[in-house]
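These notes are about the structure you will find just below.
Just so it is clear, the model here is predicted, and its values are computed rather than measured.
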There are 4 protein chains.
Amino acid sequence: MRADARRNRERIVEAALGLFTERGAGVSMEEIAQAAGLGVGTLYRHFPDRRALIEEIAQSTLTVLRDHLRAGAAEQVPRWEVLLSMVRHCAGRPLALLSSLPEASPQSDTRQRLIREIHGLLGDIVEQAQQEGSLRRDLTPEQVVGLLNVAICRPGARADDPLTTVMLDGLKAPAP
Amino acid sequence: MRADARRNRERIVEAALGLFTERGAGVSMEEIAQAAGLGVGTLYRHFPDRRALIEEIAQSTLTVLRDHLRAGAAEQVPRWEVLLSMVRHCAGRPLALLSSLPEASPQSDTRQRLIREIHGLLGDIVEQAQQEGSLRRDLTPEQVVGLLNVAICRPGARADDPLTTVMLDGLKAPAP
Amino acid sequence: MRADARRNRERIVEAALGLFTERGAGVSMEEIAQAAGLGVGTLYRHFPDRRALIEEIAQSTLTVLRDHLRAGAAEQVPRWEVLLSMVRHCAGRPLALLSSLPEASPQSDTRQRLIREIHGLLGDIVEQAQQEGSLRRDLTPEQVVGLLNVAICRPGARADDPLTTVMLDGLKAPAP
Amino acid sequence: MRADARRNRERIVEAALGLFTERGAGVSMEEIAQAAGLGVGTLYRHFPDRRALIEEIAQSTLTVLRDHLRAGAAEQVPRWEVLLSMVRHCAGRPLALLSSLPEASPQSDTRQRLIREIHGLLGDIVEQAQQEGSLRRDLTPEQVVGLLNVAICRPGARADDPLTTVMLDGLKAPAP
DNA sequence: CATGAATGAGCTTTCATTCAT
DNA sequence: TATGAATGAAAGCTCATTCAT
C-alpha cells in the first residue's frame, strides 16, 4: 500500500472516530469523508461499506487496548495499579459507543477474538488483584469487565470524574 | 378525548418506550406504530412529529420520577433509604437514553422545569444524606445527580447489578 | 331531505367555495369541514368524495350563471348591457379556478350540459351584440366566452378593476 | 461544476417548468425527476428542497424577462413597440403560475429585487408610452403591470390569441 | 345521524452506495 | 486513482377516506 493511501486510511478512521464520539451514530459517510478532507469515493475505496469502517474503528481501538493490557500484565507493579492505568487509558474512548451503533451488532471474528483476548487478560488481572487484596472479591472478572465498560468507556468520560472516582472506590476491597 | 383514543395513545407511548429502550433511538415511526398495533397515521394524530413523541415519553418518565422523589422527601426515613428507593425506581428506565437522543437537544420548557425540580429535590436529599453521615461528602449534589444518571438510568440497568452495587458502595461515607 | 341536512350541505358548499377561492386547491377536507362547523364524517355523508364536492360547487355556480343568462336573454335591453351584467355577476367568482383544480378534469355529464347551455346562451347574446353594433365583429362567440372566462372568472377579479375595464373597452366595436 | 452536472441541472429546470406549466403546482418531485431522465436523489442534490427548485425557476424566468426589458428600454423605437415585444416574449410563460404556487409565498430577496427591477423598467416604459400617446392614460403603471401579468403570463397564452389581442386594443389610447 | 379517530397510500426528503469523469 | 454526481431504497409526514363510538 502506498504511503499516501495509508495516510488517507488513517485520516478516515480518525475523522470517523472523532465524529462518532462527538455527535453519535447518525453521522453520514459524506461528513466523515469531508472531515477527513477526502471525497466519498475515496472513503469507499478504503472501506467497502459503513460497517467495514465501524469494524475498523472497533478493531483498532480494541487492539490498542489489548496491547496496553498486555504491557500492563507484564509489568512488575501491583495489579491495582494496572487497573488504574487501564481506566486512565480508556476514559473518554467510547468503546461502549460502538456497541450502541446498530450497525455494529454482528461482530466479526477478529473483533470477537480481540474481545476474548481482552477479557482473558483483564480476567487474570482482576483475579490477581483480588488475591493481592486490592479489589473486592464478590465480583467475577466478567462482572468487573462489564462494569468498567459502562463506567469508563462512555463519551465524555474522564479518569478523574465523579463516576470514575466513585466506581474505583466501590471496587476497592473493604478494610478487613 | 374518547376512551379508545386514550388507550391508543397510551399504547403508543408504551410501545415507543419499549422499543427505544431495547433498540435505541433509530427505531422508525412505522415500527412503533406496528408495535402498538396501529397505523402510522394514528401515531401522527397523537403526536405531530417524532420529537413530540419523544417529548411525551420524557415528560411522563420524568413526572413519575419527580412524584417518587416528592413522596420520598416527605417520608420519615434515613435519606440513604430514599436514595436507595430512587435507585430501585430508576433502574432500567432509560432516562439517560433520552438525553442521548439527538432529537432531544432543544428541551421544552416543561421538560426543563421537571429536570430542575428533580435536581432540586435530589439536591436536598443528597445534602441531608451527607449531613446524616450516610453519603460521602466530597461530591456536590450536581455531581451525584450526574453520576446516578449515567449509572442507573441506562438500558438494561437493574437495582442489583454489579455496577449499581459497586456504585452505591462507592457512594457510602467511609467509616470514620 | 331534512331541513338541517340541507342546511349542512349548503354550509359545506359555501365553506369549500370560500376556502378554494382564498387559498387555492390545496385545502384539506378536514379544513373544509371545520370551516363549515362540522366533522369530516358529516362532510362525507353529503359528498362521497372530494371530486363530488368540487362537482357540486361547479354545478351550483354554473347553474346560477345559466339562470342569470337566461334572465338576461329574456330582457328587453341592449345586448351590451346583458354582457355587462354578466361581467358584474361573474367578477370574483372563480369558475376558472375549477378548471385549475386537477380533480376537476373529467367533467360530469351534468356539468358539460350546463356549460353547453351557457355557451349557447352566451353565443346568442354575443351574436346579437355584434349585430346591434356594440361588440367587435372579429371574434367568434367561443372566443369571447373563453376570453371572458380568463378575464373575469378569476380569484380577486372585480367588475371595475383595470383588467376588466380594459377588456370591455377592447371588446367594444370600433367607432365606424 | 462538472459539465454533465450542469446539463442535468438545466434538464431538471426545463422539465419542472414544463410540468408546472402543463399540470399545475401539484406535480411530484418524482415525476419531475423522471421527466428529466434522472433519479430523485439527483434532483435533491441540485435543489435542497421543492421550494428551492421553484425559486430557481422563478429567478431564471424573471431574469430573462428583466434582460428583455432592459434591452427594449435601450432601443430607439416607439414604446408601444417595446410593450408589444414584451407581450410576445411573455406569452405562454406562466410567471403568474409562480405567484399562484403556495410554496412561492415567502419570496426570496433576489426574487423580490428582480420583481422590483421589472416593475421599475416596465413603469418607465408605460409612462413614456402614455406620453407618446400610444397607451391610454387612465391607468397607473402598477395597474398596467398587474393587468399584463394576468393577461399574458398564463398557461397557454399566445401573443395572438383573442384575449391578448382584445387587451392590447383596450390598452391603446383612444383616438382624440 | 354526527363525530372524530384510524387507516394507509403517496409525497418529500435523506443517505449509503455505485459509477462516470 | 480520486472525485463527487447519480441512484434508489427507506424514513418522516400528510391527508383523502373509512369506520367505530
Of all the nucleotides listed ([options]), which has the minimum atom distance to the side chain of [X]?
X	options	answer
D/Asp4	E/dT17, E/dT21, F/dA9	E/dT21
A/Arg45	F/dA16, F/dT1, F/dA6	F/dT1
A/Arg50	E/dT21, E/dA16, F/dT17	E/dA16
B/Asn8	E/dT14, E/dG4, E/dA6	E/dA6
D/Ser28	F/dT21, E/dT12, F/dT17	E/dT12

Residue whose closest nucleotide on DNA chain E lies nearer the 5' end, C/Gly39 versus D/Arg7: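 This one resolves to C/Gly39.
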Which is more 5' along DNA chain E, the nucleotide nearest D/Val40 or the one nearest A/Asp49? Just name the residue.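 That would be D/Val40.
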Check the distance between [N]'s [atom2] and [X]'s [atom1] and give it to me in whole angstrom.
X	N	atom1	atom2	result
B/Glu31	F/dA10	CD	C1'	12 Å
A/Leu53	E/dC15	CG	P	16 Å
A/Arg6	F/dT1	CZ	P	16 Å
A/Phe47	E/dT18	CZ	P	16 Å
A/Arg23	E/dC15	CZ	C1'	14 Å
D/Met29	F/dC13	CE	C1'	16 Å
C/Glu30	F/dT18	CD	C1'	13 Å
A/Leu43	E/dA16	CG	P	10 Å

Between D/Glu55 and D/Gln59, is the side chain to side chain donor-acceptor pair (under 3.5 Å) condition met? List the steps. CA-CA 6 Å; D/Glu55 183 62 37; D/Gln59 285 189 17; 2.9 Å; yes
Residue from B/Val13, B/Ile12, B/Leu95 passing side chain to side chain contact (heavy atoms under 4.5 Å, CB included) with B/Ile57: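 So the option named by the test is B/Val13.
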Could you check D/Leu38 against A/Gly41 and say which one's nearest nucleotide on DNA chain F is further toward the 5' end?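 Result: A/Gly41.
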Both D/Gly37 and C/Pro48 contact DNA chain F. Taking the nearest nucleotide for each, which residue is further toward the 5' end?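 That would be D/Gly37.
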Counting C-beta onward and ignoring hydrogens, is there a side-chain heavy-atom pair between C/Arg23 and C/Glu31 closer than 4.5 Å?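 In short, these two side chains touch, coming nearer than 4.5 Å.
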Indicate yes or no: at least one non-hydrogen side-chain atom of A/Ile32 is less than 4.5 angstrom from one of A/Phe20.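 They are in side-chain contact.
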Phosphate oxygens OP1/OP2 of E/dA6: is one of them under 4.0 Å from a side-chain N or O of B/His46?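 Yes, within the criterion.
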Below 4.0 angstrom from OP1 or OP2 of E/dT14, is there any side-chain N or O of D/Tyr44?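 Answer no for this pair, as no side-chain N or O of D/Tyr44 is under 4.0 Å from OP1 or OP2.
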Look up atom CG in D/Leu38 and atom CZ in D/Arg9, then write down how far apart they are to the nearest 0.5 Å.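 Taking CG in D/Leu38 and CZ in D/Arg9, the distance rounds to 12.5 Å.
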Given that both distances must come in under 3.5 Å, which nucleotide forms a Watson-Crick or G-U wobble pair with E/dA20?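 F/dT3 - that is the nucleotide pairing with E/dA20, both distances being under 3.5 Å.
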Remember a base hit wins even if backbone is also touched, and classify B/Thr42 as base, sugar-phosphate or nothing at under 4.0 Å, heavy atoms.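 Contact class for B/Thr42: base.
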Return yes when atom CG of A/Asp109 has more than 12 non-hydrogen atoms of other residues, nucleotides or ligands closer than 6.0 Å, and no otherwise.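 12 or below, so no.
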